[in-house]
Amino acid sequence: MNERFQRWAPRAGLLAASAALMFCFGTVNAQNNPAASDMRPADVVDVEARVPGDPVNRVYVYDTVFAHLTDSRLNIFDGTNGEFVGMLSNSFNGFAQMSKDQKQIWTSTSFYSRVPRGTRTDTIDIWDANTLKHLKEIIVPPKRANALNYDGMFTRTNDGQFALLQNATPATSVTVADMQKGVVTQEITATAGCWNVITTPGAPRSFTTICGDGSLLTVKLGADGKLASQSRSKPMFSVKDDPVFINAATWNNKLIFVSFHGNIYTADMDANGVKSFEPVWSILSEKDKAAKWAPGGFNLIAANPANGYLYVLMHPDAVEGSHKNPAKEIRVYDLKTKKEIGSVPGEDVLSLAVNLATPTPQLLTIDGANAHIYDISSAQPKLVRTIKNAGEAALQLFGPTGVVLTK
Amino acid sequence: MNERFQRWAPRAGLLAASAALMFCFGTVNAQNNPAASDMRPADVVDVEARVPGDPVNRVYVYDTVFAHLTDSRLNIFDGTNGEFVGMLSNSFNGFAQMSKDQKQIWTSTSFYSRVPRGTRTDTIDIWDANTLKHLKEIIVPPKRANALNYDGMFTRTNDGQFALLQNATPATSVTVADMQKGVVTQEITATAGCWNVITTPGAPRSFTTICGDGSLLTVKLGADGKLASQSRSKPMFSVKDDPVFINAATWNNKLIFVSFHGNIYTADMDANGVKSFEPVWSILSEKDKAAKWAPGGFNLIAANPANGYLYVLMHPDAVEGSHKNPAKEIRVYDLKTKKEIGSVPGEDVLSLAVNLATPTPQLLTIDGANAHIYDISSAQPKLVRTIKNAGEAALQLFGPTGVVLTK
Amino acid sequence: MNWVDRLGEGLARGVAHNVSRRGLLASVSKILVGSAFIMPVLPISRVAHAQEGGGAAAEPAAGDDPTNCDYWRHCALDGFQCSCCGGTLNSCPAGSEASPISWVGTCHNPHENKNYVVAYHDCCGKTACGRCYCGNQVDERPGYEFFRHNDVDWCMANRSAVYHCTVSLIVGPAT
Amino acid sequence: MNWVDRLGEGLARGVAHNVSRRGLLASVSKILVGSAFIMPVLPISRVAHAQEGGGAAAEPAAGDDPTNCDYWRHCALDGFQCSCCGGTLNSCPAGSEASPISWVGTCHNPHENKNYVVAYHDCCGKTACGRCYCGNQVDERPGYEFFRHNDVDWCMANRSAVYHCTVSLIVGPAT
């Protein structure tokens, strides 16, 4: 045995039985090799017990990895320094969200026994947000929507007990899972013809979805996680003339939608459904209209529930087909006064989120690859950090409070 | 229903039962809609029956997709125009090779039931090279080496009947599968301590592997695909002083290896093993030695069996650790005269292969992303085509004759 | 500014957009070519600079190549074009499976000055082709108009929902 | 030119190499920054231009940052550096699993002018971290010297062999 080989031979001793099968000339008994015992103390690779940094500062970025969608993943960053601090692999076109207590990450995805062929298994999974350990798997009907990461594809009830998963086969339905018990309580088919699961503000166990005739359907769940009652509103908007984006902002028990044309639709909610619709108003000034500004993006609207400041991604020169264009500006509106109170350059972002976990509230944005963090304690957002290459094709991000900011 | 909706509603008719559950307002009976039947003839998406182009012109590029290794894949190109003509998805760190009759693609990979967690299943799969249909799955011991795509990780016997798969747990062994019967015939553990499966030239069912003491171990298989006999040579090279690359060229029943220092080791083979070793010679001229030229890359050496021209990837300014450096030159040597007879710029490639399927023989090279095709009908290779972005992290390519050019 | 219904005008501008986007991508390619890097694909990369397009005149060349994202029948194609993946304008690559269902757009054929219904069928059962990504959104609508929506995987009703590429199938005139 | 045994000289040149490589990567990044593209990783990307390095003098700064690929202990690190993935120089990221086995290199610590045995352990059970790829090969050998080989996945003996990132563990002086 040559000298160099001897230096690393002690490591083979770690292999126990399997090493004996391997390199006949490599089976050195570590016990008899003084060098081996000397090296042993350093010879341990630890696994970090938890994700580094203060949990309140984490920024979660869902990367679809569109060109390798079977390797979609949740990337985790420390918002105070932009460092990548961990990730969860989440198979084909997965979703993720935070538990209400911020202590868990919930994911949902589809597995194939012979990727991309074979038997499909859909799951909801529970992970410890600090240790990133897998805690529980809940097998759900193999019907989950394989959709881009709109916030409403995978969300939860306000009480934090039930996860809500959008299905499409293409028949649409919603899977409800009890996250304490780890079981599916019901697949709600009453939502056929409707799309996107929005947590109904102010109600412990209720969600609202947008139907193909422009109405909102609200489903109230019982404590058993099964449909207790449903209520369908009259049409809120004209699907043909003024379609709304499916992403909703929430404030004061209201659901706030913006249309392709920049009109704000407001539904005043209780647990049973829509109490009333407020008058429609436009976020566009005359100058905006002249320059053809319009909202655009994926998760493109959010409000700070504390002050009713509304954030909307906007682009000029809007035409048919520009509704997913990157943002040229992020506009801030005061929902109380219905006036624009701030704006920052859009940085070509496609999605945003409000984060309430940090000491001062934050606006998070992403252009597919690069994430930006703004302090929004005043009307004018203040850019505090950019995280470059936060994902390859990422259209959703959120803070520890997740995307459900209602109570 | 608005007019635009009506235009696409007929398509919903295709959905049969599931559509009825879905959009209550979208279930138009196609039979009653004259527009629908008019459109029906165009309303079919075909699947191509076969990969376009002449099979002899195909170039196969194995892309590890290292940053998303669970989505490794075999990309297929038409060498006459550089077009991407098809691909096979091949899960985690897969391998691929051609059947002897060029009609099948054989792959091997590892699946996880909950990628990247859960139960591992390793397979060898048979695909029709023209239709890309999956023909057969052979489950193999879940021990296949997860290694970069060196030709010797997954190869076959000269008679074309048995696939040979390198294992590492880290105990090394070789799985033999009968590709006609679709069964594993044996896991050969006699190769413990040896690495890389090289088809023994001139023998119908024999392979040779390189052992840790610098010897070659030849395993002869019976017609049943089980070990019939084994023979271990005396050491061919000094593992310490003059390590050889594992990739071997073959010519006239000889296995030809090149060392880190540019020395050629030649083993004259028969089915039982090494008959004799020829004198070691250096491919380096005095000028080469002065400029510190050395071989480097992954699959870095190949010979044209018809004329004994040897192709080697070379780089100058070699130092410890430069043995995988990209090629600055591709050198051509005549194995009969042991003289350099040609050279072309290396284009930073990392791997090469000789292809005998085309009317004139070809040299194929790849730099990880871009593939080059050379006509090698004369001593000086002639670049005929570059295929840009043939892969993201591709280290192996071959023509329809695959990587086993022996008989 | 109710431009949703002004389809003709929208499409005309859309073409002008696309031409300039094409120019942009060509220059990006130049940088990446010859390196050991390949250009990854973002679902929205093609629109990422659309607003810089402005009012440049349409170059006929861009719209005449049916494998170009700017070709009129791809006006709502959001995915990898199958004709770059071993398929054709009307067919899926060998070994994949065509989706029986699809999203549907209305595209303007500038040569005939006529609108056509185009069905965007996904090809399924292989992982992403990764070539010739188009991110067009003309006449696309949110998921409550499900069959006009392209942010879902139309392989959803196939044996394998794993998405490979997309075919733009001309169904017929938008009568 | 038997340079395999001239480890000290080889390492010195290696550092010079790496410095220039670092410069190259920085300029590539500039192009990609601000676009919607991310730089994919090739196992060999770091060596892709090594031969252009030539004889430039080593910049001390490059070798002093332990998260830089040029830092001495990473002399045979071929993978994603775990310290960029939520781990540290000595530990795997939370939720992954450390490999009990590893490949082993001998690296030269230029500060002490001493050689150390370094074990390159993979962290397993998550898909690739994709950050801070290093492709160093000093003292690396083909698979017949298995424990000096880095073209295999050292997660092979773990519950999941899926590779996430790599830790460079200093085992001790190369006595």
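Naming: A, B, ... by sequence-line order, numbering from 1 per chain.
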On a heavy-atom basis, which atom in [X] and which in [Y] lie closest, and how many Å separate them?
X: D/G125; Y: B/P116; value: O-CG, 3.2 Å
X: D/P142; Y: B/I246; value: CB-CG2, 3.7 Å
X: D/F146; Y: B/P170; value: CE2-CB, 3.7 Å

Side chains of [X] and [Y]: closer than 4.5 Å at any heavy-atom pair?
X: D/S160; Y: B/R117; answer: no
X: B/T70; Y: D/Y163; answer: no
X: B/V239; Y: D/R148; answer: no
X: D/Q137; Y: B/N325; answer: no
X: D/E145; Y: B/W195; answer: no
X: D/D151; Y: B/F298; answer: yes
X: D/D139; Y: B/E320; answer: yes

Distance-only donor-acceptor check, side chains D/N136 and B/K324, under 3.5 Å
no

Are a donor atom and an acceptor atom from the side chains of B/H323 and D/E140 found within less than 3.5 Å of each other?
yes

Tested for side chain to side chain contact (heavy atoms under 4.5 Å, CB included) against D/Y144, the lone hit among B/N196, B/T209, B/V244 is B/V244

Which value, rounded to the nearest 0.5 Å, describes the distance between [X] atom [atom1] and [Y] atom [atom2]?
X: D/D153; Y: B/N93; atom1: CG; atom2: CG; result: 6.5 Å
X: D/R159; Y: B/Y112; atom1: CZ; atom2: OH; result: 11.5 Å
X: D/I101; Y: B/T169; atom1: CD1; atom2: OG1; result: 8.0 Å

Tell me, for B/A168 versus chain D, whether the close heavy atoms (under 4.5 Å) come from the side chain, the backbone, both or neither.
both

Counting only non-hydrogen atoms closer than 4.5 Å, does D/H149 touch chain B with its backbone (N, CA, C, O), its side chain (CB onward), both, or neither?
side chain

